[in-house]
Asks: 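Got a structure for you, questions after.
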Amino acid sequence: MQDKGLTPSQTVGPFFKYGLTPNGAYDWNDAFSNNLVAPDTSGERIRIEGRVFDGDGAPVPDCMLEIWQADAQGRFSDPQDRRALPNSSFKGFGRCGTDPNGDYAFHTIKPGSVPDPDGKPQAPHLLLAIFARGMLLHLYTRIYLGDEASNAVDPVMALVPADRRATLIATRQPGSGNAVYRFDIRLHGDNETVFFDI
């Protein structure tokens, strides 16, 4: 057998949609969904929605997004978070794919503030991982909520140049009922979303 050399990491390809974000199109249920809210979850219900764009400004129809967040009291559903008991059955993790227009949405609760490694309070935020075609490694970013005054003193936001911070902020949309926040993701090009090297 001839040695072909090293091969790169696998890109997303169609198997992500088939195996990880079937969205009812196949004979099994999603292991995780875009609805993080359980019947006994406490906290303000919100919806995060937006569209994913590639470097040419075209929508990405086959992207996979995952979020992880604290509950309304700022606690993670994780054994390493040894504070008070977690909030009911709220796990804080969700996954969804983009639709043919590049749109996505998560139904969740407004997260509480969590401390950074030095104990400083961070503004409420959601962690976001992005998997998309053509990318050998997934991207990480944060979603901050635009109506939070504590964004101005968040220690992670302070690391981002002032003229780029808007790419991390979801804007609250007008309307009644549960709050809806708009967060578009630009993978490359003009107004590219800030991604973190972790």
Side-chain angles (χ1 to χ4, degrees), residues 16 19-24 28-50 52 63-98 103-132 137-151 153-157 159 167-173 177-185 193-198:
F16 266 42
L20 296 174
T21 59
N23 296 329
W28 63 85
N29 295 326
D30 292 324
F32 298 98
S33 80
N34 67 335
N35 186 354
L36 286 67
V37 180
D40 60 346
T41 301
S42 63
E44 180 186 351
R45 266 72 168 158
I46 65 171
R47 176 182 164 100
I48 305 284
E49 65 182 24
V52 181
C63 201
M64 184 176 82
L65 306 174
E66 293 179 344
I67 60 170
W68 190 45
Q69 69 168 91
D71 68 12
Q73 290 76 40
R75 299 172 306 211
F76 285 99
S77 178
D78 186 286
Q80 295 181 44
D81 192 337
R82 293 196 168 95
R83 294 173 288 169
L85 292 174
N87 179 346
S88 69
S89 54
F90 182 75
K91 299 301 180 201
F93 179 84
R95 175 187 291 151
C96 74
T98 53
D103 293 321
Y104 75 91
F106 287 100
H107 302 273
T108 186
I109 58 171
K110 195 171 191 177
S113 177
V114 297
D116 75 359
D118 296 326
K120 296 176 188 170
Q122 299 179 70
H125 64 277
L126 300 89
L127 303 169
L128 175 66
I130 303 150
F131 303 76
L137 298 173
H138 48 288
L139 301 172
Y140 295 100
T141 192
R142 285 183 169 204
I143 302 172
Y144 289 91
L145 306 176
D147 53 359
E148 285 291 330
S150 57
N151 291 342
V153 294
D154 181 81
V156 174
M157 184 76 83
L159 298 172
T167 69
L168 298 176
I169 297 175
T171 56
R172 188 165 179 158
Q173 304 299 289
N178 294 343
V180 175
Y181 292 88
R182 179 86 190 179
F183 187 76
D184 289 337
I185 302 160
T193 301
V194 168
F195 301 109
F196 295 98
D197 185 11
I198 56 171

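Computed from a prediction, not measured in an experiment: that's the story for all the values here.
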Asks: Using every non-hydrogen atom in the two residues, find where F106 and G94 come nearest and quote the distance to one decimal.
Replies: CE2-C, 3.7 Å
Asks: Under the side-chain contact (heavy atoms from CB on, under 4.5 Å) rule, what do F131 and L65 come out as? Steps first, then yes or no, please.
Replies: CA-CA 6 Å; F131 303 76; L65 306 174; over 6 Å; no
Asks: Which atoms form the tightest heavy-atom contact between I143 and A170, and what is the distance?
Replies: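 Nearest heavy atoms, I143 then A170: CG2-CB, 3.8 Å.
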Asks: Return the CG to CD1 distance between N178 and I46, rounded to the nearest 0.5 Å.
Replies: 9.5 Å
Asks: Which heavy atom in C63 sits nearest to a heavy atom in V52, and how many Å separate them?
Replies: SG-CG1, 4.0 Å
Asks: Stepwise, does the side-chain contact (heavy atoms from CB on, under 4.5 Å) test hold for Y140 with L128?
Replies: CA-CA 6 Å; Y140 295 100; L128 175 66; over 6 Å; no
Asks: Heavy atoms only: give me the nearest G74-V114 pair and the separation to one decimal.
Replies: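 That would be O-CG1, 3.2 Å.
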Asks: Pick one: which of E49, R45, R47 meets side chain to side chain contact (heavy atoms under 4.5 Å, CB included) with H107?
Replies: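 Only match with H107 under side chain to side chain contact (heavy atoms under 4.5 Å, CB included): R47.
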Asks: Kindly compute the distance separating CG (L145) from CG (L126), expressed to the nearest 0.5 Å.
Replies: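 Nearest 0.5 Å value for the CG-CG distance: 6.5 Å.
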Asks: To the closest 0.5 Å, what do you measure between OH (Y144) and CD1 (I169)?
Replies: 9.0 Å
Asks: So, for Q173 and T171, which heavy atoms are closest and what is the spacing to 0.1 Å?
Replies: NE2-O, 3.0 Å
Asks: Should Q69 and R142 count as side-chain neighbours, where that means a heavy-atom distance under 4.5 Å?
Replies: no
Asks: Heavy atoms, side chains only, cut-off 4.5 Å: are L168 and M157 in contact?
Replies: yes
Asks: How far apart are the C-alpha atoms of I109 and F90, what are their side-chain angles, what is the distance that settles it, and do they pass the side-chain contact (heavy atoms from CB on, under 4.5 Å) test?
Replies: CA-CA 9 Å; I109 58 171; F90 182 75; 3.7 Å; yes
Asks: Main chain of A123, side chain of S113: is a donor-acceptor contact present, judged purely on distance under 3.5 Å?
Replies: no
Asks: Can you tell if the side chain of I185 reaches within under 4.5 Å of the side chain of I130, non-hydrogen atoms only?
Replies: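 In short, these two side chains touch, coming nearer than 4.5 Å.
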Asks: State which residues pass side-chain hydrogen bond (donor to acceptor under 3.5 Å, both in side chains) with Y104; sequence neighbours excluded, sorted by chain then number.
Replies: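 Not a single residue meets the side-chain hydrogen bond (donor to acceptor under 3.5 Å, both in side chains) criterion with Y104.
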Asks: Please determine if D116 and K120 form a salt bridge, counting it only when a charged side-chain N lies under 4.0 Å from a carboxylate O.
Replies: no
Asks: Looking at T141 and V194, would you say the former's side chain and the latter's main chain have a donor-acceptor pair under 3.5 Å?
Replies: yes
Asks: When you check the side-chain N and O atoms of D147 and Y181, is any donor under 3.5 Å from an acceptor?
Replies: yes
Asks: Would you call S150 and P124 a side-chain contact if the rule is heavy atoms closer than 4.5 Å?
Replies: yes
Asks: Counting only heavy atoms not in D118, do more than 12 fall under 6.0 Å of its CG?
Replies: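 More than 12 within 6.0 Å, yes.
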Asks: Nearest heavy-atom pair of A70 and F76: which atoms, and what distance?
Replies: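 Smallest interatomic distance, heavy atoms only, reads N-CE2, 3.4 Å.
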Asks: CG/L36 to SG/C96 distance, rounded to the nearest 0.5 angstrom?
Replies: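 Reported value, rounded in 0.5 Å steps: 10.0 Å.
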Asks: Can you confirm whether V156 sits close enough to Q122 that some side-chain heavy atom of one is under 4.5 Å from a side-chain heavy atom of the other?
Replies: yes
Asks: Run the salt-bridge test on E148 and R172 with the 4.0 Å N-O cut-off and return the result as yes or no.
Replies: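 R172 and E148: not salt-bridged.
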Asks: Find the distance between NZ (K91) and CH2 (W68) and round it off to the nearest 0.5 Å.
Replies: 12.5 Å
